[in-house]
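Take a look at the structure set out below.
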There are 2 protein chains.
Amino acid sequence: MATKISQLKQDFTESLSQISRFWGFPKGMGTIFAVLYLSPTPLALDEITAQTGLTKGAVSTEVRTLARMGLVHRSSKLGDRKDYYEAETDFYTSIRSILKERQNSEFDRALRGVRETLEKLESGSTSGDEAEIQFLIERVQALQDFFDAIDSLTNAVIKLERLGLGNVKTILGVLK
Amino acid sequence: MATKISQLKQDFTESLSQISRFWGFPKGMGTIFAVLYLSPTPLALDEITAQTGLTKGAVSTEVRTLARMGLVHRSSKLGDRKDYYEAETDFYTSIRSILKERQNSEFDRALRGVRETLEKLESGSTSGDEAEIQFLIERVQALQDFFDAIDSLTNAVIKLERLGLGNVKTILGVLK
DNA sequence: TAGAACGTTTAGTAATTACTAAACGAAATA
DNA sequence: TATTTCGTTTAGTAATTACTAAACGTTCTA
């Protein structure tokens, strides 16, 4: 027996909401993206509110952060005051801008904190038991190295044109 | 002028808390890990509560999820009823178990949801405008491909012995 | 067997986050 | 200039999440 399109869209939207929430983004963000992603044409704010059940306010703010992350694009029609939004369909582009976005965040400040701890320890300006200081240097250094590796990997991904299956297999092959 | 060790530890711990929160884990989890990570010896539950300011209950539950993720290890001393915890220091090991952990989660269920949507669309059992169905198939398929790529990459990382800086540079070189 | 020393669970609270409803401002239209 | 049509902001509420305090069960010790 046949499934209705509307039902499928709803299921899909629900799945994307979950995924969004899982990655620490508001559920509504996933919902909005899903609706835009399944629309062949750009949608205006009101149409989004209608299809998601969220309020104008919520859609307004969340669609803005989606745009900042590069997951949706804002456009406008001549002689039409409305803003229109459409989903980015190239995820390799999206992932790059998301990662970039994250680089200037709280996260980066925290990373700097770790680096500063390390620098202070190494500069010899720390008072206390010498053996303990040596131990701390080792540990913090190891963590710092790890962060650096992640950072390199992130930058690598940012620079990639496409993160296709072929490339992934190449990576595996090289490293094995 | 000299910085006190205790001050440095506190700053470091604060940084790790932020990082933890940023990745969607409870702040306290980062705090606990930091305390363990900076300790040369395994710590008992009470010592952790003392150094973090959290309560026994909170430490008990959070240390358990840390253990499940492979970020800390539980041990015990002979003739001592206490549990002792120490931090995993090989982050490449940790990251693998975190990723594994995540694979059997809500997230995976959501992914399956997307795949099902695609299968229903492709099976021809969907009622509705044919052109629209075709459009939906394209879109959902593209997303599915993306997820598959991510999945491959994740599995690749899981299989890696070490994700050291050298390897990352190799990846970059190969893909450029 | 009573008591102490553990870790766990539970029930409730505090803090955070996601959202709503409504006021608002700016731009277009009458 | 008054009115409509848009998007944004704000102030408050609902829902979720992180945590506390205390009861609890178990195992060891006296």
Side-chain angles (χ1 to χ4, degrees), chain A residues 13-14 16-36 42-69 71-86 105-107, chain B residues 13-14 16-36 42-69 71-86 105-107:
Chain A
T13 303
E14 173 64 19
L16 276 197
S17 304
Q18 304 274 21
I19 291 171
S20 172
R21 221 174 47 133
F22 183 81
W23 288 108
F25 302 110
K27 196 181 72 166
M29 245 180 67
T31 314
I32 293 172
F33 181 81
V35 163
L36 290 174
L43 297 180
L45 200 99
D46 278 346
E47 301 173 298
I48 302 176
T49 64
Q51 291 194 40
T52 56
L54 299 172
T55 57
K56 256 200 318 171
V59 174
S60 171
T61 60
E62 284 179 357
V63 100
R64 182 151 17 111
T65 77
L66 276 170
R68 208 181 46 220
M69 298 199 303
L71 278 166
V72 310
H73 302 288
R74 194 189 298 239
S75 60
S76 43
K77 297 179 183 170
L78 267 94
D80 185 342
R81 199 141 58 80
K82 286 181 193 158
D83 289 347
Y84 287 86
Y85 296 93
E86 63 188 321
S105 63
E106 296 298 315
F107 182 58
Chain B
T13 303
E14 174 63 20
L16 277 199
S17 304
Q18 304 274 22
I19 291 171
S20 172
R21 223 173 49 132
F22 183 81
W23 288 107
F25 302 109
K27 196 180 71 165
M29 245 179 67
T31 314
I32 293 172
F33 180 81
V35 163
L36 291 174
L43 297 180
L45 201 100
D46 278 346
E47 301 173 299
I48 301 176
T49 63
Q51 291 195 41
T52 56
L54 299 172
T55 57
K56 257 200 315 173
V59 174
S60 172
T61 61
E62 285 178 357
V63 101
R64 182 150 18 111
T65 78
L66 277 170
R68 209 181 47 222
M69 298 198 303
L71 278 166
V72 309
H73 302 288
R74 196 189 298 239
S75 60
S76 42
K77 297 179 183 170
L78 267 94
D80 185 343
R81 199 141 57 79
K82 286 181 194 159
D83 289 347
Y84 288 85
Y85 297 92
E86 63 188 319
S105 64
E106 296 298 313
F107 182 59

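Throughout, a chain's letter reflects where its sequence line sits, starting with A, and its residues are numbered from 1.
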Taking B/Ser20 for its side chain and B/Pro26 for its backbone only, find out whether a donor-acceptor pair lies under 3.5 Å.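 Looks like yes, one N/O pair under 3.5 Å.
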
Counting only N and O atoms by type, is there a donor-acceptor contact under 3.5 Å from the side chain of B/Ser60 to the main-chain atoms of B/Lys56?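 Answer holds: no.
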
Go through C/dT20, D/dC6, C/dT9 for me and flag the one nearest to the B/Thr61 side chain.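 Selected nucleotide (nearest to the side chain): C/dT9.
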
The side chain of A/Pro26 is closest to which nucleotide in this list: D/dA18, C/dA18, C/dT20?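 Nearest listed nucleotide: C/dA18.
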
Rounded to whole Å, please give me the gap between [atom1] in [X] and [atom2] in [N].
X: A/Lys56; N: C/dA22; atom1: NZ; atom2: P; answer: 12 Å
X: A/Asp80; N: D/dC6; atom1: CG; atom2: C1'; answer: 10 Å
X: B/Asp83; N: C/dT8; atom1: CG; atom2: C1'; answer: 11 Å
X: B/Leu54; N: D/dA18; atom1: CG; atom2: P; answer: 13 Å
X: B/Glu62; N: C/dG7; atom1: CD; atom2: C1'; answer: 15 Å
X: A/Phe25; N: C/dC19; atom1: CZ; atom2: P; answer: 14 Å
X: A/Lys77; N: D/dC6; atom1: NZ; atom2: C1'; answer: 15 Å
X: B/Asp46; N: C/dT8; atom1: CG; atom2: P; answer: 12 Å

Would you kindly compare A/Lys82 and A/Arg21 by the position of their nearest DNA chain D nucleotide and give the one closer to the 5′ end? A/Lys82

Of B/Met29 and A/Ser60, the one whose closest DNA chain D nucleotide lies more 5':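 Per heavy-atom nearest nucleotide, the more 5' residue is A/Ser60.
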
Decide yes or no, distance alone: a donor-acceptor N/O pair under 3.5 angstrom between the base of C/dA28 and the side-chain of A/Arg81. no

So A/Ile32 and A/Val63, do their side chains get closer than 4.5 Å, heavy atoms only? yes

Pairwise 5' ranking along DNA chain C for A/Thr55 and A/Gly79, keeping only the more 5' one: A/Thr55

Upstream residue (5' side of DNA chain C) when A/Lys27 and B/Val63 are each assigned their closest nucleotide: B/Val63

Which atoms form the tightest heavy-atom contact between A/Ile48 and A/Val59, and what is the distance?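 So the two residues come closest at CG2-CG1, 3.7 Å.
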
Where is the tightest heavy-atom contact between A/Val72 and A/Phe33, given as atom of each residue plus distance?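 Smallest interatomic distance, heavy atoms only, reads CG1-CD1, 4.1 Å.
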
